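Below: one structure in structure tokens.
Start at 1 and go down the list; that is how both ligands and their atoms are numbered. Since this is a predicted model, take the numbers as computed values, not measurements.
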Amino acid sequence: MRWNQLLNVVGSHAAGMGGDVVTGGLPPVPGDTVMEKSIYFQRNLDHLRRIVMTEPRGAVSGVNFVVPATHPEAAFGYIIAESIEYVAMSGSNTMCVATVLLETGMVPMSEPVTELTLEAPAGLIRLRCECRDGKVTKVSFVNQPAFVYHHRAPVEVEGLGTVAVDVAWGGMTYAIVDAQALGFRLTEDEAVDLVTTGQRVKAAAAEQLACVHPLEPRYAGITQTEFAGPLRTVDGVLTSRNVVVISPGFIDRSPCGTGTSARLALMHARGEIAVGQPFVHESILGTTFTANIEDTATVGDYPAVVPRVGGQAWITSLQQMVVDPTDPFPTGFTLNDSPFDDVDSLSLIGNQ
Ligand SMILES: O=C(O)[C@H]1NCC[C@@H]1O
């Protein structure tokens with residue numbers, strides 16, 4: 001027993017998308033808000049993200065670090081790290097965190113519903129967790145407001161010509177394109193092509209379209225591409241498939257909660273969905289999130305919507321990750337054959 005580091009890591013996934021939850025082993029993380037803690041973590045403790053995210057210990061694109069909340073209404077805070085950014089919010093990760101907190105007893109579970117408030121870097125997140133026989137069967141949460149930065153902006157994309165791109169914020173920033181117009185059905189056999197095209201769209205949109213969140217810490221740029229499938233009605237409910245390509249080039253296995261939020265903002269702006277109307281978003285795997293707009297709002301000068309997104313998460317492992325002082329890879333490594341290759345090209349939060 002001579003480890004330099006020991007982290008308690010609960011593996012989980014929401015609708016197919018992995019999200020590890022670190023429930024113990026962290027040093028104190030200073031900050032007056034969870035956003036400040038996230039910025040501190042990025043600057044001073046990023047080696048902990050690398051330990052969980054990279055080989056030889058882990059290989060996952062989302063890691064959540066559970067920290068004490070700074071707001072009296074929240075049970076816990078959580079810092080959310082994706083492959084190349086510390087994000088304000090994430091839907092699948094929020095479902096994983098809530099499920100882990102409840103199913104491991106860190107937060108008491110009440111059946112059939114546990115109302116819970118957590119503190120994400122984006123702010124307070126109110127959750128409604130449906131629970132049966134000790135299992136969380138659905139987590140739905142009210143996201144911070146989502147809004148549209150750009151409507152059908154013409155973007156010159158390498159190999160594609162001029163593409164109409166919408167850009168919307170849902171907790172992360174999305175370049176949203178019409179999947180059908182680009183020839184995609186959003187099926188599993190298209191995964192590699194979706195990543196290649198999605199990365200090109202994202203690079204071009206990020207270069208050609210400015211977007212800076214109006215509120216501190218002023219998240220800037222575009223880090224996700226969302227291919228929006230056609231809207232259809234299934235059993236009377238507005239439904240659509242989508243695929244999100246996460247930086248640095250990896251498909252979200254889930255229907256993507258922040259992408260769903262961004263899409264709700266866009267659909268509302270286009271008159272395609274009303275406040276309160278149910279919506280089902282499908283992933284490339286066919287897994288689903290339910291969603292609706294709870295209310296309208298404004299963010300800076302942008303008209304916005306307040307989204308609710310729901311889905312289910314499952315615990316997959318209980319681990320203690322350790323670092324031996326003689327280990328040649330104390331903070332892991334990546335090779336460029338891995339979809340998580342770019343962990344070192346971390347983009348900093350806001351305009352630091
Ligand atoms: O559900 C979401 O919002 C996320 N899934 C992985 C990438 C995004 O953070």
Salt-bridge contact K135-E103 (side-chain N to carboxylate O under 4.0 Å):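 Yes, this pair counts.
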Salt-bridge contact E130-R128 (side-chain N to carboxylate O under 4.0 Å):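 Salt bridge present between E130 and R128.
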Q5 (side chain) donor-acceptor with G25 (main chain) under 3.5 angstrom: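 Here the side-chain-to-backbone pair exists.
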Pairs meeting criterion salt bridge (charged side-chain N to carboxylate O under 4.0 Å, His left out) with involvement of residues 3-13, two or more places apart: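 Counting only pairs at least two positions apart or across chains, no salt bridge (charged side-chain N to carboxylate O under 4.0 Å, His left out) contact touches residues 3-13.
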Presence of salt bridge, R270 and D166, under 4.0 angstrom: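 Looking at D166 and R270, the cut-off is met.
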Distance flag, aromatic centroids of H213 and Y302, threshold under 6.0 Å: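 Y302 vs H213: aromatic centres not under 6.0 Å.
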Just list the N/O pairs, ligand 1 to protein, that are under 3.5 Å apart, with the distance for each.
unit_1: ligand 1; atom_1: 1 (O); unit_2: G91; atom_2: N; d: 3.3
unit_1: ligand 1; atom_1: 1 (O); unit_2: S92; atom_2: N; d: 2.8
unit_1: ligand 1; atom_1: 1 (O); unit_2: S92; atom_2: OG; d: 3.3
unit_1: ligand 1; atom_1: 1 (O); unit_2: G257; atom_2: N; d: 2.6
unit_1: ligand 1; atom_1: 3 (O); unit_2: G91; atom_2: N; d: 2.8
unit_1: ligand 1; atom_1: 3 (O); unit_2: G257; atom_2: N; d: 3.3
unit_1: ligand 1; atom_1: 3 (O); unit_2: T258; atom_2: N; d: 2.8
unit_1: ligand 1; atom_1: 3 (O); unit_2: T258; atom_2: OG1; d: 2.7
unit_1: ligand 1; atom_1: 5 (N); unit_2: S92; atom_2: OG; d: 2.8
unit_1: ligand 1; atom_1: 5 (N); unit_2: D252; atom_2: OD2; d: 2.6
unit_1: ligand 1; atom_1: 9 (O); unit_2: E82; atom_2: OE2; d: 2.6
unit_1: ligand 1; atom_1: 9 (O); unit_2: S90; atom_2: OG; d: 2.8

